[in-house]
Amino acid sequence: SDPNIGGNTISWGQIVEQGDTANIVLEATNDITVADVTGAAGGNITENNLVKLPLNSEGSLTLRSESGDITFQDTNDTIQTQGGDITFDAHGNGGEITAGNLVTNGGDIHLVSGNFRANLKSSIETGNVDSSSLNGNGGNIELYVDSGQDVSSIETGNVDSSSLNGNGGKIEYGSSGQDVSLTVNGNVDSSSLNGNGGNIELYVDSDQDVSLAVNGNIHSSSKTGNGGYIEFTAYSNESDSNITLNGNINSSSQSGTSGDILFSSIYDSISENGVTVNLINHGIFNAGTGLIRFGAVLDDKVRVAAGNNNLTLIANEITFNGGENSVTGTGNLILQPGTASQNIEIASFSKIGSPNALDITTDDLAALQNGFNSITIGREDGSGTILINNVTFQDPVTIQAPQGNGEIRAEAQLQTFGYVIRSITGDDNASITLIAGSSILTGNITTPGNPVTLQANEASVLGTLNSGSGDVVISTN
């Protein structure tokens with residue numbers, strides 16, 4: 001006898017017997033309980049903790065409970081289709097989905113629980129969610145929970161919609177309710193080697209507490225195609241929201257168009273609640289030639305708390321819209337363009353001040369709170385032109401374009417009443433280091449006793465260089 005054929009629970013032996021080519025739809029008014037998967041190793045239908053369904057087709061599986069829960073007896077179990085979709089719906093008041101690992105080999109995965117009228121807890125809890133494909137497109141993955149007036153939560157393992165030779169599938173996780181959390185205990189991957197990376201959207205909104213956490217790396221990158229965008233959105237009516245990250249983020253493309261990396265809070269001018277992006281490890285956020293943006297508009301209340309971790313941001317445009325002192329940390333902060341030849345303008349007044357340049361505006365600089373161990377602007381292989389307007393740094397800073405024709409310019413600025421010498425000022429413990437592959441041409445450089453270093457084939461100071469008791473080193477490459 002088949003060990004999976006049981007009493008009042010759904011047993012996999014019974015399901016698979018419906019036929020290899022069937023799209024299987026099981027509906028119930030109340031709870032659906034899925035029996036533990038057991039069987040001999042290498043079995044055609046089941047082996048311990050694994051069911052292959054259906055065997056020789058792309059048939060789909062749908063479990064739908066109108067007013068109950070969907071529960072696996074053993075959350076170590078894995079359901080695997082051969083390209084068919086997996087859909088679990090628990091639409092009742094307080095619907096909960098508790099499942100194991102889900103694998104579709106390119107099929108879509110849709111899990112939905114609760115509804116906006118609910119006043120009981122709704123949740124989705126699974127193991128790994130995997131719609132990846134080797135040669136075809138990765139399937140789309142959607143998980144959504146709405147508890148209406150109660151607790152709402154999503155918790156999963158790794159999330160994978162990637163593809164080697166096709167396009168990565170879109171990944172969308174959303175959770176709404178009174179007290180909301182979304183947690184991924186692993187990596188999120190919609191990347192592709194030879195196709196386009198899939199878009200990734202993670203969003204939570206609530207009237208009370210909100211948290212969104214990813215305990216792994218996030219990738220929507222591509223080698224030969226386009227990278228997908230990655231967007232985080234968190235909002236609460238009554239308190240600040242938290243996004244916690246424990247890994248790197250990559251939406252870049254080597255040959256195509258890179259995707260953007262976006263952090264947003266649905267800004268409320270009345271409550272002034274916002275969101276804090278917390279790092280619990282060193283982070284490299286790589287948007288390639290795309291955009292990294294913290295906050296959709298100025299004063300969007302998106303803050304960054306790097307702690308003692310190093311944070312590297314790679315993009316052809318980087319924007320901090322959280323307001324003054326909204327980016328904090330005691331580690332090293334690195335801001336660099338996605339391409340080595342990209343020009344940079346520092347302390348510009350707008351993002352359109354210098355076409356085709358990474359503009360680090362006065363608002364962006366004001367967002368950097370004093371306390372970083374160091375700030376580096378530019379790449380180690382940078383070869384573009386860096387234009388510096390009047391600027392003051394409070395932490396040790398290195399500005400670099402050290403290769404080829406790389407140059408740094410902070411000379412006189414034409415005003416309506418004539419030319420004015422530009423100034424680079426270091427306050428507090430800020431030392432100033434300028435490194436260029438070709439030339440440096442600056443106006444005034446001043447620090448309160450901290451070192452100044454200029455390194456280039458040619459270096460000229462048109463104004464005053466005053467480092468107090470600090471060392472001054474001018475060297476050639």
Side-chain angles (χ1 to χ4, degrees), residues 8-12 15 23-37 51 53 60-79 81 84-104 107-129 131 139-157 159 171-185 201-213 234-236:
N8 296 321
T9 60
I10 296 173
S11 58
W12 294 116
I15 292 175
N23 290 322
I24 300 169
V25 179
L26 302 172
E27 296 183 328
T29 302
N30 297 308
D31 295 342
I32 296 175
T33 302
V34 179
D36 183 17
V37 178
V51 57
L53 171 74
S60 63
L61 172 66
T62 299
L63 303 181
R64 182 175 295 115
S65 171
E66 292 302 325
S67 60
D69 303 332
I70 298 174
T71 306
F72 280 34
Q73 287 184 340
D74 184 354
T75 54
N76 292 314
D77 288 347
T78 297
I79 300 176
T81 71
D85 300 342
I86 292 177
T87 301
F88 294 169
D89 292 335
H91 287 300
N93 186 4
E96 296 185 77
I97 296 173
T98 305
N101 305 307
L102 306 176
V103 180
T104 62
D108 295 342
I109 298 174
H110 301 278
L111 307 183
V112 180
S113 72
N115 64 74
F116 71 95
R117 296 185 181 89
N119 57 15
L120 297 174
K121 175 184 177 181
S122 298
S123 66
I124 295 174
E125 183 175 349
T126 74
N128 298 328
V129 182
S131 66
N140 297 322
I141 297 175
E142 179 188 20
L143 274 68
Y144 182 72
V145 175
D146 192 345
S147 69
Q149 304 301 312
D150 208 286
V151 175
S152 172
S153 67
I154 295 176
E155 184 170 1
T156 73
V159 187
I171 296 173
E172 183 177 2
Y173 275 30
S175 187
S176 301
Q178 288 292 312
D179 189 348
V180 174
S181 65
L182 191 164
T183 304
V184 179
N185 292 312
E201 297 180 4
L202 306 175
Y203 58 93
V204 286
D205 67 89
S206 171
D207 290 333
Q208 297 179 9
D209 294 334
V210 167
S211 67
L212 191 164
Y235 172 72
S236 171

Novice: With Thr104, which residues qualify under side chain to side chain contact (heavy atoms under 4.5 Å, CB included), at least two apart?
Specialist: Thr81, Ile86, Ile109, Ser131
Novice: Could you report the tightest heavy-atom contact between Asp205 and Val210, atom names first, then the distance?
Specialist: C-CG2, 4.3 Å
Novice: Rounded to the nearest 0.5 Å, what separates atom CG in Asp36 from atom OG1 in Thr75?
Specialist: 10.0 Å
Novice: Given side chains that start at C-beta, do those of Ile79 and Val34 come closer than 4.5 Å, heavy atoms only?
Specialist: no
Novice: Keeping Ser113 on the side-chain end and Ser123 on the backbone end, is there a donor-acceptor pair under 3.5 Å?
Specialist: yes
Novice: Would you compute the distance between atom CD1 of Ile97 and atom CZ of Phe72 and round it to the nearest 0.5 angstrom?
Specialist: 10.0 Å
Novice: Check for a donor-acceptor pair, side chain of Asp89 on one end and backbone N or O of His91 on the other, with a separation under 3.5 Å.
Specialist: no
Novice: Please find the pair of heavy atoms, one from Ala90 and one from Gly68, that lie closest to each other, and give the distance.
Specialist: CB-O, 3.6 Å
Novice: Kindly give the heavy-atom pair with the smallest separation between Leu182 and Val184, and that separation in Å.
Specialist: CD2-CG2, 4.2 Å
Novice: Atom OH in Tyr173, atom CG in Leu143: separation rounded to 0.5 Å?
Specialist: 4.5 Å
Novice: What residues form a side chain to side chain donor-acceptor pair (under 3.5 Å) with Thr183, not counting sequence neighbours?
Specialist: none
Novice: Measure the CG-CG distance between Asp85 and Asn23 for me, rounded to the nearest 0.5 Å.
Specialist: 8.5 Å
Novice: Under the side chain to side chain contact (heavy atoms under 4.5 Å, CB included) rule, collect the residues that match up with Ser211, sequence neighbours excluded.
Specialist: Ser181
Novice: Hey, does Phe88 have a side-chain heavy atom less than 4.5 Å from the side chain of Thr126?
Specialist: no
Novice: Please round to the nearest 0.5 Å and tell me the distance separating atom CD1 of Ile141 and atom CD of Glu172.
Specialist: 11.5 Å
Novice: Check side chain to side chain donor-acceptor pair (under 3.5 Å) between Asn140 and all other residues, then give those that pass, not counting sequence neighbours.
Specialist: none
Novice: Going by salt bridge (Lys or Arg N to Asp or Glu O under 4.0 Å), name the residues that satisfy it together with Asp108, two or more places apart in sequence or in a different chain.
Specialist: none
Novice: Return the NE2 to CG distance between His110 and Leu102, rounded to the nearest 0.5 Å.
Specialist: 12.5 Å
Novice: Between Asp146 and Ser176, does a side chain to side chain donor-acceptor pair (under 3.5 Å) hold up when you go through it step by step?
Specialist: CA-CA 5 Å; Asp146 192 345; Ser176 301; 5.1 Å; no
Novice: State which residues pass salt bridge (Lys or Arg N to Asp or Glu O under 4.0 Å) with Glu155; sequence neighbours excluded, sorted by chain then number.
Specialist: none
Novice: Which heavy-atom pair separates Ser67 from Asn30 by the least distance, and what is that distance?
Specialist: OG-OD1, 3.5 Å
Novice: Asp31: what forms a side chain to side chain donor-acceptor pair (under 3.5 Å) with it, not counting sequence neighbours?
Specialist: none
Novice: Suppose we screen for side chain to side chain contact (heavy atoms under 4.5 Å, CB included). Which residues come up paired with Ser65, at least two apart in sequence or across chains?
Specialist: Ile32, Ile70
Novice: Checking side chain to side chain donor-acceptor pair (under 3.5 Å) for the pair Thr78/Asn101: CA distance, chi angles, key distance, verdict?
Specialist: CA-CA 4 Å; Thr78 297; Asn101 305 307; 3.1 Å; yes
